[in-house]
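Down below is the structure, laid out as structure tokens.
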Amino acid sequence: MPELPEVEVIRRGLAPRLVGRRFLAVRMGSRRLRQASSPEDLSRWLQGRLLKHLRRRGKYLVFLLEGGVTLLIHLGMTGRLLLGAPIREKDHIHVVFTLEGGLTLAFQDVRRFGQVLVFPPGRAPTPLQQVGREPFSRRATAAWLAEQARGRCRPIKNFLLDGRLLAGLGNIYACEILFAAGLHPATPAGELSLEEWERVLKETRRILRRAIRLGGTTVNDFLNSQGETGLFQTVLNVYGRAGEPCRRCGAVIARLVQAGRATFFCPRCQPLKPLSRSTF
DNA sequence: CACCCCACCTGCGTGC
DNA sequence: TGCACGCAGGTGGGGT
């Protein structure tokens, strides 16, 4: 479910409520998550500690606690972090954190692809080492992207989905970015010109910023920390719109499958380039 | 090394 | 009504 904008929306909702408070208790359900620390470790390292910062790296939420303890939460496909006692849907809640002032934070995850991992002082949060460059950072440049893509044949769509390169993009935003950049999703990454990489990066930033401003995309079940839906789904140009007319040119939006995932694009706004000279 | 498939889960919509 | 199937925002292990 949540890509960079959704995770960032959640982070911004949680930070003012949680930062500066202590974790008092952690309760865990019995069903396994894809990756989770034991209830004992979570309690041992969180209990009584003050939350100093709440950051985001890619699609991870990074809770920095006093004494060098780090809590990582990844929402997988269907994860939610809900503030306050969830009234309606008490199902699929796997972890409940209690903080000072009676505040509760519930981790809900229907499909259980999420991760809740605690790292003691001195132990690096290893999953973050796989996370690529932040799209908004100065280190993410068109030249760097071109360099990473040099000689690569994989489609640009799959390249954008590789979180070890550019962090935080998922299926929805990868599709929307390529539409905005006017690039066919099957274009080999290595064939993009520097000018095209500049366009990709510019559109990536513009779309992510706008999605954050609109509270994320609720295609199916995304909710922010207050239990509210996003609005970006109302301005999607291609994702989930196969068979519908392109908002820009009227052509029928197409769907194809790349690396096992659906890709949506406009065949007229995103034409396949003729093969470059370098391939004879 | 580069790249893809598939498993990991549950729920929902569709078509028979 | 019931059942089988396909599909869904992510990740990473294992295979080609």
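Here is how names work: the chains are called A, B, and so on, in the same order as the sequence lines, proteins then strands, and each is numbered from 1.
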Of the candidate nucleotides [options], which contains the atom at the shortest distance from the side chain of [X]?
{"X": "A:Arg255", "options": "B:dT10, C:dA8, C:dG10", "value": "C:dA8"}
{"X": "A:Arg152", "options": "B:dC4, C:dG10, B:dA2", "value": "B:dA2"}
{"X": "A:Met77", "options": "B:dC4, C:dG10, B:dG11", "value": "C:dG10"}
{"X": "A:Arg112", "options": "B:dC9, C:dA8, B:dC3", "value": "B:dC9"}

Just the rounded figure in Å: distance from [atom2] of [N] to [atom1] of [X].
{"X": "A:Leu161", "N": "C:dT11", "atom1": "CG", "atom2": "P", "answer": "9 Å"}
{"X": "A:Arg164", "N": "C:dT11", "atom1": "CZ", "atom2": "C1'", "answer": "10 Å"}
{"X": "A:Tyr173", "N": "C:dG10", "atom1": "OH", "atom2": "P", "answer": "10 Å"}
{"X": "A:Arg31", "N": "B:dC9", "atom1": "CZ", "atom2": "C1'", "answer": "9 Å"}
{"X": "A:Asp221", "N": "C:dG10", "atom1": "CG", "atom2": "C1'", "answer": "13 Å"}
{"X": "A:Ile172", "N": "C:dC7", "atom1": "CD1", "atom2": "P", "answer": "17 Å"}
{"X": "A:Leu117", "N": "C:dG12", "atom1": "CG", "atom2": "P", "answer": "11 Å"}
{"X": "A:Gln258", "N": "B:dC4", "atom1": "CD", "atom2": "C1'", "answer": "12 Å"}

Exercise. If you look at every heavy atom in A:Leu165 and A:Arg152, which pair is closest and at what distance?
Worked result: CD1-NH1, 4.3 Å

Seminar exercise, completed: Shortest non-hydrogen pair, A:Ala167 vs A:Arg57, comes out as CB-NH1, 4.5 Å

Remember a base hit wins even if backbone is also touched, and classify [X] as base, sugar-phosphate or nothing at under 4.0 Å, heavy atoms.
{"X": "A:Pro155", "answer": "sugar-phosphate"}
{"X": "A:Tyr239", "answer": "sugar-phosphate"}
{"X": "A:Arg154", "answer": "sugar-phosphate"}
{"X": "A:Asp109", "answer": "nothing"}

Within the structure, does a side-chain N or O atom of [X] lie under 4.0 Å from either OP1 or OP2 of [N]?
{"X": "A:His92", "N": "B:dG11", "value": "yes"}
{"X": "A:His74", "N": "C:dT11", "value": "yes"}
{"X": "A:Asn158", "N": "B:dC4", "value": "yes"}
{"X": "A:Arg32", "N": "B:dC9", "value": "no"}

For this session: Give a yes/no verdict on a cation-pi contact between A:Arg247 and A:Phe179, requiring under 6.0 Å between NZ or CZ and the six-membered ring centre and an angle within 45° of the axis.
Result: no

Exercise. Under the criteria of a ring-centre distance below 5.5 Å and an interplanar angle below 30°, is A:Phe113 stacked with the base of B:dC8?
Worked result: yes

For this session: Both distances under 3.5 Å, Watson-Crick or G-U wobble: report the partner of C:dG13, or none.
Result: B:dC5

For this session: Go through the steps to decide whether A:Phe159 and A:Trp197 satisfy the test ring-ring contact (aromatic ring centres under 6.0 Å, His included), and finish with yes or no.
Result: CA-CA 12 Å; A:Phe159 184 92; A:Trp197 281 116; 5.2 Å; yes

Exercise. Expressed in whole Å, how much space separates the P atoms belonging to C:dC3 and B:dC9?
Worked result: 23 Å

Exercise. Expressed in whole Å, how much space separates the C1' atoms belonging to B:dG11 and C:dG12?
Worked result: 24 Å

For this session: Check if the side chain of A:Arg111 and the base of B:dC9 share a donor-acceptor pair of N or O atoms closer than 3.5 Å.
Result: yes

Exercise. When you measure from the side chain of A:Glu66 to the backbone N and O of A:Leu50, does any donor-acceptor pair fall under 3.5 Å?
Worked result: yes

For this session: Could you check whether the rings of A:Phe232 and A:Tyr173 sit parallel, tilted or perpendicular, using 30° and 60° as the cut-offs?
Result: tilted

